[in-house]
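Worksheet: the structure to be examined is printed underneath.
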2 protein chains.
Amino acid sequence: MPGTRLDPIDRKILAELQADGRMTNVELARRVGISAPPCLRRVRTLEEQGFIRGYHADIDARELGFEVQVFAMVGLVSQAEADLSAFEDRCRAWPLVRECHMLNGEVDFILKCVAPDLSSFQSFLTGELLTAPNVASVKTSLVIRGAKDEPGVPFDVLEARLSKSA
Amino acid sequence: MPGTRLDPIDRKILAELQADGRMTNVELARRVGISAPPCLRRVRTLEEQGFIRGYHADIDARELGFEVQVFAMVGLVSQAEADLSAFEDRCRAWPLVRECHMLNGEVDFILKCVAPDLSSFQSFLTGELLTAPNVASVKTSLVIRGAKDEPGVPFDVLEARLSKSA
DNA sequence: CAGGCGACGCAATAATGTTTCGCTCTTGCG
DNA sequence: CGCAAGAGCGAAACATTATTGCGTCGCCTG
């Protein structure tokens with residue numbers, strides 16, 4: 001329901017839970033300026049309406065031995081919808097592929113992959129990705145280092161935007 | 001401490017919290033097969049050691065009006081360390097840039113950006129990114145649709161790997 | 001084999017999560 | 001303007017969970 005607009009308290013709740021998903025409801029209520037029960041009701045509603053998709057611990061992959069991160073640009077032979085879906089299904093089944101986005105432009109898909117080491121990735125690349133049906137070309141780029149990694153919504157931009165249109 | 005190896009219970013804890021970061025400690029303890037107090041102690045330790053970087057609610061950006069997602073491939077004029085760092089600092093300051101990774105290959109950086117609409121992104125692109133110091137080239141690709149988006153660690157791969165090396 | 005270290009589980013207490021209930025404020029209509 | 005209906009809030013009560021303290025067990029070490 002795009003019609004179900006959020007009030008400033010709801011947006012604050014989302015921003016706080018994005019920053020710290022394990023915050024207690026009491027603390028959350030204190031920060032957004034209401035008491036605990038209505039705060040919990042709002043959180044439940046936001047979950048049901050799909051604004052909150054879930055909660056996840058942010059695990060350090062490198063500490064667990066996944067030292068390689070790679071972006072793969074994939075071009076397909078056929079861009080028919082059935083072939084696109086088939087490739088997406090394959091990506092969902094590959095554990096080393098953590099993200100798969102369909103793009104416009106010369107490249108059809110971009111994949112974010114992780115692997116324990118280079119040889120693991122290369123065996124995945126040559127044994128799985130390059131040999132998958134309908135794959136025409138793959139260009140890979142190793143991540144040398146990460147400078148910023150904050151998936152989520154820039155709530156400061158959202159608030160600025162809303163205050164303008166109001 | 002890379003020497004501080006994790007036992008199967010610790011890895012199970014990480015996997016469960018990655019899947020559901022708001023799980024209660026009681027439920028977590030039940031799932032990993034130990035009682036609540038030592039389970040909580042392990043979680044605290046994992047947090048302190050940096051295996052768990054934090055907890056975040058997964059917010060649906062599209063529902064909040066961020067309908068555009070873009071990957072930007074950026075090439076710089078100078079790849080001197082000071083210039084690389086300067087660009088990374090700039091990326092950290094741009095709210096529309098959610099991720100910034102330094103790559104090998106022909107492109108220096110890949111940026112994942114969000115924006116409320118195309119014109120917002122284009123004004124960022126022309127007014128900020130393209131005019132930033134040291135930026136030589138930017139190629140952007142719109143995300144048509146997302147097929148998979150599961151940042152994190154593939155714990156099934158990790159377990160398979162460990163059982164082999166054991 | 002005794003001592004010490006580490007980790008576990010149990011039990012008790014503090015804190016939090018969750019439901020219930022009554023109140024207030026807003027909205028729409030006579 | 002006044003009233004009735006509905007939504008949202010806060011205080012209190014109850015259920016669940018988090019946290020601490022302590023005793024026990026297994027294991028390594030000297």
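Quantities reported herein were computed from a predicted structural model and do not represent experimental measurements. FYI, side chains are in, hydrogens and waters are out, and symmetry mates aren't considered; it's all heavy atoms of this structure. So you know, we letter chains A, B, ... as the sequences are listed, proteins then strands, and number each from 1.
In this structure, A:His101 has its ring center at least 6.0 angstrom away from the ring center of A:Phe109. Checked against the 6.0 Å centroid criterion, the rings of B:His56 and A:Tyr55 do not qualify as a close aromatic pair.
Between the CD1 atom of A:Ile34 and the C1' atom of D:dA11 there is a distance of 14 Å, given to the nearest Å. Going from atom CG of B:Leu17 over to atom C1' of D:dA18 covers 15 Å, rounded to whole Å. When rounded to the nearest whole Å, the span between CG of B:Leu28 and P of D:dT19 equals 13 Å. One atom, CZ of A:Arg30, and another, C1' of D:dG10, lie 17 Å apart when rounded to the nearest Å. Atom CD of B:Glu47 is separated from atom P of D:dA18 by 12 Å (rounded to the nearest Å).
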Distances for protein N/O vs nucleotides 16-19 of chain C N/O pairs under 3.5 angstrom?
residue, atom, partner, partner atom, Å
C:dG17, OP1, A:Asn25, N, 2.8
C:dG17, OP2, A:Asn25, N, 3.0
C:dG17, OP2, A:Val26, N, 3.0
C:dT18, OP1, A:Arg44, NH2, 3.1
C:dT18, OP2, A:Arg44, NH2, 2.6

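Within the structure, salt bridge (charged side-chain N to carboxylate O under 4.0 Å, His left out) pairs that include any residue of residues 130-144 of chain A comprise A:Lys139-B:Glu106 (at least two apart or interchain).
Between A:Arg145 and B:Glu81, at least one side-chain N (NZ, or NE/NH1/NH2) sits under 4.0 Å from a carboxylate O, which counts as a salt bridge. Ion pairing between a basic and an acidic side chain is recognised when a charged N comes within 4.0 Å of a carboxylate O; B:Glu88 and A:Lys148 show no such pairing. Here A:Lys112 pairs with B:Glu99 in a salt bridge; the nearest charged N to carboxylate O distance falls below 4.0 Å.
Between A:Arg42 and D:dG8, a side-chain N or O to OP1/OP2 separation shorter than 4.0 Å is absent.
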